[in-house]
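Quick note: residue numbers are just sequence positions, from 1.
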Amino acid sequence: PELFQAQAAATPHAVAVVSGDTELTYQDLNARANRLARLLIEHGVGPESIVALALPRTAELVVAVLAVVKAGGAYLPVDLEYPAQRIGYMLTDAAPVCVVTTGEIAEALPGAAPVLVLDDRAVIEACDQQLEADPGDADRVAALLPAHPAYVIYTSGSTGQPKGVVVSHGGIGALSDAQVHHFTVGAGDRVLQFASPSFDAAFWETLMALASGATLVIPETHETADIAGVLARHQITHATLPPSVLAAIEPASLSSLQTVVSAGEALRGDVLDRLPAATRLFNAY
């Protein structure tokens, strides 16, 4: 959490997240995450606690991600487009201490974990009463250490039952430094959040923006089918996209891209030809 908090202190008025009509500055995002983190701590969340996030792809999901790690817990992102059986398996297998969600989504969720409904009036009022200051170890139920889990991502299950992979805080600082250095990402840049929340690349994208002072752009659900339009409308500068998606985008829509990370599939030569000459391409396959 210190990586994001340092950035929020350095660039409080820069736009951190854009999603639909919502824009949050680093200062606003940090304050909202801090209030929710303190409420989670009151509910017993701390190091080695898993908190499932069953939320739409909006700015609220980013608030919740930050809140869980600030509380010291590990977040489990739940892609709401997954089949109910898979969601039920993840929630049963991970045994989260609670599920952060909305009232509408909570009604359809399988499993028996307690829910924290963000749009419930009592929860909204409880959050509003919390302090906006960054929580530290004195506020948490236990000290947060680099070896503690930061998040849990489930494998696809293509070779059997999906497996929960626990990722600690330990390597995240090095990853952030590498992104800033190699991708030259920073203030004024706009990073696309393309990957499913339940895919590890979603954390990669979020970190790339929020630890560097850039803006994370989250397409709303109805926009995800028109990534070309999202790139053009939001003037995206940094994106992580598979070759099949790049191949389907008209070159004119790629003009704002400064850095593209290609992953998920083998990179083909015809994809290279579509990119603007000034765009840097990293083959991460």
Item to check | R35, Q7, K70 screened by side-chain hydrogen bond (donor to acceptor under 3.5 Å, both in side chains) with N30, the one that passes | outcome: K70
[X] side chain near [Y] side chain, heavy-atom distance below 4.5 Å:
| X | Y | result |
| --- | --- | --- |
| V230 | S253 | no |
| L3 | I172 | yes |
| P56 | E220 | no |
| V117 | D119 | yes |
| D226 | R233 | yes |
| I87 | P110 | yes |
| T101 | V78 | no |
| I41 | P135 | yes |

If only atom types and distance count, is the side chain of [X] paired as donor or acceptor with the main-chain N or O of [Y] below 3.5 Å?
| X | Y | value |
| --- | --- | --- |
| R38 | D139 | no |
| D134 | N34 | no |
| S49 | G46 | yes |
| S255 | A252 | yes |
| S19 | T22 | no |
| D273 | D270 | no |
| R268 | S244 | no |
| E205 | F194 | yes |
| H148 | L145 | yes |
| R86 | S156 | yes |

Working to the nearest 0.5 Å, report the span between [atom1] of [X] and [atom2] of [Y].
| X | Y | atom1 | atom2 | answer |
| --- | --- | --- | --- | --- |
| M208 | T259 | CE | OG1 | 8.5 Å |
| L80 | I105 | CG | CD1 | 4.5 Å |
| L61 | L66 | CG | CG | 9.5 Å |
| E223 | R57 | CD | CZ | 10.0 Å |
| L246 | L267 | CG | CG | 8.0 Å |
| S256 | L192 | OG | CG | 10.0 Å |

Next on the checklist: Checking L210 against V62 for the side-chain contact (heavy atoms from CB on, under 4.5 Å) test, could you report, in this order, the C-alpha distance in whole Å, the side-chain angles of both residues, the deciding distance, and whether it holds?
Outcome noted: CA-CA 10 Å; L210 298 186; V62 181; 3.7 Å; yes
Checklist entry - Does atom CD of E81 have more than 12 heavy-atom neighbours from other groups under 6.0 Å away? => result no
Would you be so kind as to tabulate the donor-acceptor pairs closer than 3.5 Å made by side chains of residues 234-242, with sequence neighbours excluded?
unit_1: Q235; atom_1: NE2; unit_2: A232; atom_2: O; d: 2.9
unit_1: T237; atom_1: OG1; unit_2: R190; atom_2: N; d: 2.9
unit_1: T237; atom_1: OG1; unit_2: R190; atom_2: O; d: 3.1
unit_1: H238; atom_1: NE2; unit_2: F183; atom_2: O; d: 3.0
unit_1: T240; atom_1: OG1; unit_2: W204; atom_2: NE1; d: 3.0

Ignoring hydrogens, what is the shortest heavy-atom contact between [X] and [Y]? Give both atom names and the distance.
| X | Y | answer |
| --- | --- | --- |
| Y26 | A209 | OH-O, 3.1 Å |
| L144 | P47 | CA-CG, 4.2 Å |
| T279 | L257 | OG1-O, 2.8 Å |
| S198 | P77 | OG-O, 2.9 Å |
| P96 | A52 | CB-N, 3.8 Å |
| A71 | A37 | CB-O, 3.8 Å |

Item to check | side-chain contact (heavy atoms from CB on, under 4.5 Å) partner of P197, the single match among L55, L53, L76, D79 | outcome: D79
Checklist entry - Testing L29, L216, V18 for side-chain contact (heavy atoms from CB on, under 4.5 Å) with L24, which one passes? => result L29
Next on the checklist: Let's go through T58 and I218 carefully: what are the C-alpha distance in whole Å and the side-chain angles of both, what is the deciding distance for side-chain contact (heavy atoms from CB on, under 4.5 Å) to 0.1 Å, and is it a yes or a no?
Outcome noted: CA-CA 7 Å; T58 65; I218 308 173; over 6 Å; no
Checklist entry - Does L175 share a hydrophobic cluster with V69, counting links as ILVMFWY side-chain heavy atoms below 4.5 Å and allowing steps through other members? => result yes
Next on the checklist: Between Q179 and S212, is there a side-chain donor-acceptor contact under 3.5 Å, judged purely by atom types and distance?
Outcome noted: no
Let me check something: any side-chain donor-acceptor pairs from residues 159-167 under 3.5 Å, sequence neighbours excluded? List them with distances.
unit_1: K163; atom_1: NZ; unit_2: Q161; atom_2: O; d: 3.3

Checklist entry - Step by step, would you call R280 with T184 a side-chain contact (heavy atoms from CB on, under 4.5 Å)? => result CA-CA 10 Å; R280 291 165 301 169; T184 57; 2.7 Å; yes
Checklist outcome for this item: Contacts of E2 meeting side-chain hydrogen bond (donor to acceptor under 3.5 Å, both in side chains) (sequence neighbours excluded), chain-then-number -> none
Next on the checklist: Test side-chain contact (heavy atoms from CB on, under 4.5 Å) on Y75 and F203; report intermediate values, then the result.
Outcome noted: CA-CA 11 Å; Y75 72 91; F203 177 80; 3.2 Å; yes
